[in-house]
Amino acid sequence: MPELPEVEATRRHLEPVLVGARIAEVEVRRPRMARRQPRPADVRDRMVGRRIVALGRRGKFLLAHLDSAMTWVTHLGMSGRMSVAGRGDAESPHTNVVVRLRGGAEVRFVDPRTFGFVAVLTPQEMDEMMFRRIGPDALDDLPSTVALRRRLEGRTAPIKALLLDQQIVSGIGNIYADEILWRARIAPWRQGGSLTPDEVSAMRRAIRPVLRAGLKAGGTSLDDLAYLLPDGRAGEFVERLAVYGKQDEPCPRCGTPVERTVLRQRSAHWCPSCQS
DNA sequence: ACCTCCCTGGCC
DNA sequence: GGCCAGGGAGGT
């Protein structure tokens with residue numbers, strides 16, 4: 001479930017491999033992975049021969065800045081992960097994109113469900129296709145409580161849905177949204193605009209600690225191991241989850257059984273006793 | 001401000 | 001065979 005912590009953990013693992021490296025060849029094996037590229041062949045053509053100068057991230061987007069001023073953008077979607085390997089190493093199924101580096105290392109984008117994508121964009125394209133569509137980063141650029149209140153004002157959608165709305169704040173997905181609301185003691189179905197100033201403040205104060213804890217653990221690898229770190233290790237935050245996937249198990253704070261409900265076609269987990 | 005759909009695999 | 005899953009765009 002690549003959300004911000006998984007993408008940032010991935011970024012940190014890839015940084016020493018990719019920064020300074022020159023791209024020798026790129027294979028997009030599933031054309032669908034390049035569907036967000038205005039001209040799909042540009043994914044390869046704009047990368048080959050370029051050097052990677054820095055790795056960044058915004059929300060759930062992994063950004064590799066090239067010496068041509070273009071940016072190689074990767075979104076892991078629902079089931080994507082990156083892996084670092086040597087040429088000829090055994091490949092995982094669903095290795096949909098391979099970026100070979102000069103020197104023999106390669107980065108592989110594995111994504112069974114193909115909801116992820118890659119693109120290589122000019123600065124103008126980055127503005128149009130990325131930055132105008134997503135809000136400030138939930139970890140690096142978290143808005144103040146006042147600014148958050150403004151963004152939630154008058155909104156009737158459930159707060160959980162608004163936390164998942166990448167235009168309000170970017171990087172939070174289904175797992176961490178549940179964990180954040182549990183920590184802030186706010187029920188997921190509450191209308192966004194109905195939160196008191198204290199509740200917005202509590203929610204804001206919960207965001208970074210939850211994301212940082214996830215990052216520190218290397219992210220959340222669920223039972224299916226769809227998400228793994230680039231070296232193949234599993235993230236361990238699953239051991240620290242309070243409510244996500246814990247239906248009928250005791251709330252770590254009060255012991256009440258955790259409930260699972262469906263909100264906006266997504267699962268939501270919460271403690272009926274300490275969240276209201 | 002909602003659904004529906006995009007994909008594949010795993011589980012019941 | 002049907003249902004479920006980390007995300008998000010597109011259409012109504």
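A note on names: the letters A, B, ... follow the listed sequences, proteins ahead of strands, and every chain is numbered from 1. What's counted below: heavy atoms across the whole structure, side chains too, no hydrogens, waters or symmetry copies.
The list of side chain to side chain donor-acceptor pair (under 3.5 Å) pairs with a residue in residues 11-21 of chain A, not counting sequence neighbours, reads E8(A)-R11(A), E8(A)-R12(A), R11(A)-E15(A). Applying the salt bridge (Lys or Arg N to Asp or Glu O under 4.0 Å) test to residues at least two apart or on different chains, the pairs with a partner in residues 94-103 of chain A are E27(A)-R100(A), R100(A)-E106(A). The stretch residues 18-77 of chain A participates, sequence neighbours left out, in these ring pair (Phe, Tyr, Trp, His ring centres under 6.0 Å) pairs: F61(A)-H75(A), H75(A)-F117(A). Screening residues 170-192 of chain A for salt bridge (Lys or Arg N to Asp or Glu O under 4.0 Å), with sequence neighbours left out, gives K160(A)-D178(A), R190(A)-E199(A). Applying the salt bridge (Lys or Arg N to Asp or Glu O under 4.0 Å) rule to pairs touching residues 263-274 of chain A yields nothing, sequence neighbours excluded. Listed by first and then second residue, the salt bridge (Lys or Arg N to Asp or Glu O under 4.0 Å) pairs involving residues 82-91 of chain A are R29(A)-E91(A) (not counting sequence neighbours).
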Dot-bracket encoding of pairs in DNA chain B, which uses [ ] for pseudoknotted crossings and | for another strand, Watson-Crick or G-U under 3.5 angstrom | ||||||.|||||
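Taking a cutoff of 4.0 Å between a charged side-chain nitrogen and a carboxylate oxygen, D141(A) and R58(A) do not qualify as a salt bridge.
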Which parts of nucleotides 4-12 of chain B does protein reach within less than 4.0 Å, heavy atoms only, written one letter per nucleotide 5' to 3' as B for base, S for sugar-phosphate only and - for none?
-> B-BBBS---
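In this structure Q124(A) satisfies the side chain to side chain contact (heavy atoms under 4.5 Å, CB included) test together with T122(A), E128(A), sequence neighbours excluded. For R240(A), the side chain to side chain contact (heavy atoms under 4.5 Å, CB included) partners at least two apart in sequence or on another chain are F237(A).
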Give every donor-acceptor pair under 3.5 Å between a side-chain atom in residues 150-157 of chain A and any protein atom, sequence neighbours left out.
from    : atom 1 : to      : atom 2 : distance (Å)
R151(A) : NH1    : Q167(A) : O      : 3.3
R151(A) : NH1    : I168(A) : O      : 3.0

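Against DNA chain C, the stretch residues 147-161 of chain A makes no heavy-atom approach under 4.0 Å.
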